[in-house]
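Down below is the structure, laid out as structure tokens.
Just follow the structure's listing: the first ligand is 1, and inside any ligand the first atom is 1. Owing to the predicted nature of the structure, the values given are computational and were not obtained by experimental measurement.
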Amino acid sequence: MNSLAILHASELVTLTGAKRPRKGAEMSALGILRDGGMLIGDGKIKSVGPSDEIEKNCGDTEVIDAGGRVVMPGFVDAHTHLVFAGNRLDDFERRARGETYEQIAKAGGGIWSTVEKTRAASEADLFTQAKKRANWFLRCATTTAEAKSGYGLTVEDELKILRVMRHLTEKVSLEIVPTFLGAHAVPPRMSPEQYVDLVITEMLPRAASEKLAEFCDVFCERGYFDIDQSRKILSAAKKLGLNLRGHVDQLTNSGGAKLMAELGATTADHLEQTAEQGIAALKKANVQPILLPASAYALGSSRYPRAREMIEARLAVVLATDFNPGSSPTPSMPMVLSLACTQMEMSPAEAIAASTINPAYSVNRGTKIGSLEPGKLANFAIFDCEDYRELAYWFGLPQTHSVYVKGERVV
Ligand SMILES: [Zn+2]
């Protein structure tokens, strides 16, 4: 059933290695096979090896000649806000004219404009908009994306967003990993305490009992949810069986990384302001840092997270897009690879490990996706280049040739 052989990859970037996230120098070992090939059956990788060996064993299997192009695992984007209504084009133009966040919010922009549009959208309309964007991810060779709620901020609207994610997973080839982010902002006319209470007593139990989320996230930042409120929400989520992620230390170094370490979170995300102590805490608790350079770039900031120090501290670093309408309107992992290499001193190899195998572990799917090894899902992309480093080097140029999910061509 649907067997397939891929032959003649200039580089088959396998990322074969230890069955755990890659750290330190391991992030540079991509397990590249020159003139490599793969045999695929029933949606999974059956074998990987030199093309001539694969060819000998492929019988009457359908053969795809990669034609001397790079073949890699599909990207795993471990931090996105995929489901929202509308866009923030007016904010974008105001920012380009030099207006501040406060001026933009006063003019009716900012996160509230997205919350209002998302609340007003029907579930079907929201699904149509999200489906279009899910296909953008596939075109950029991302085959799995984590996605957060957080633009509803009422019980019903948050659940609506999570249901759209479930529907997407059923209808689109992009695999969605759902995260509940009810604590994205405090709605107007509610005190933070009242809202935290609503999240803990109503939203979280419903999201968990209806199995709509695998993870819980919180925006831990001054003016949003402080350390104590974040701890309350995440502890409640943990009791309900959800794993934890967190938006921390983005605008201020407020001890968010340390909180994620204390709670045994799976990931700590953003970390633009995290310093030595936070890095040491993440290391001690084995929390994966998720770095989002596209949001620093899109906001015109020069403050990028300290990727080099994190890799040297042997943290299993992850790169992600932070796709969202306000601060990071890009679904493109190749763009993120470029930023990682030009702004954060990561090598192209480290950036590839941080966008495939390491994020696969960060969404609890490390044994199924993220590398090209026998037994894993045949989720991979063929790129129009001969050397994997070209993906980070030629920026702004789509290099996707074709994309496969479970052995089926989807782009
Ligand atoms: Zn985010």
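Of all the N, O or S atoms in Asp322, the one closest to the Zn ion (ligand 1) is OD1. If you look at His81 and ask which of its N, O or S atoms sits nearest the Zn ion (ligand 1), the answer is NE2.
For the ring pair (Phe, Tyr, Trp, His ring centres under 6.0 Å) with His184, the qualifying choice from Tyr151, Tyr195, Tyr224 is Tyr151, the only one to do so.
With Phe84 as the aromatic partner, Arg133 meets the cation-pi criteria of under 6.0 angstrom to the ring centre and within 45 degrees of the ring axis.
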| request: Quick one: do His81 and Phe323 satisfy ring pair (Phe, Tyr, Trp, His ring centres under 6.0 Å)? Show the steps, please. | output: CA-CA 6 Å; His81 304 253; Phe323 177 72; 9.0 Å; no
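Proximity of the aromatic rings of Phe127 and His167 is defined here by a centroid distance below 6.0 angstrom, and this criterion is met.
Distance check for His247 against the Zn ion (ligand 1): an N/O/S atom falls below 2.8 Å. The nearest N, O or S atom of Asp269 is not closer to the Zn ion (ligand 1) than 2.8 Å.
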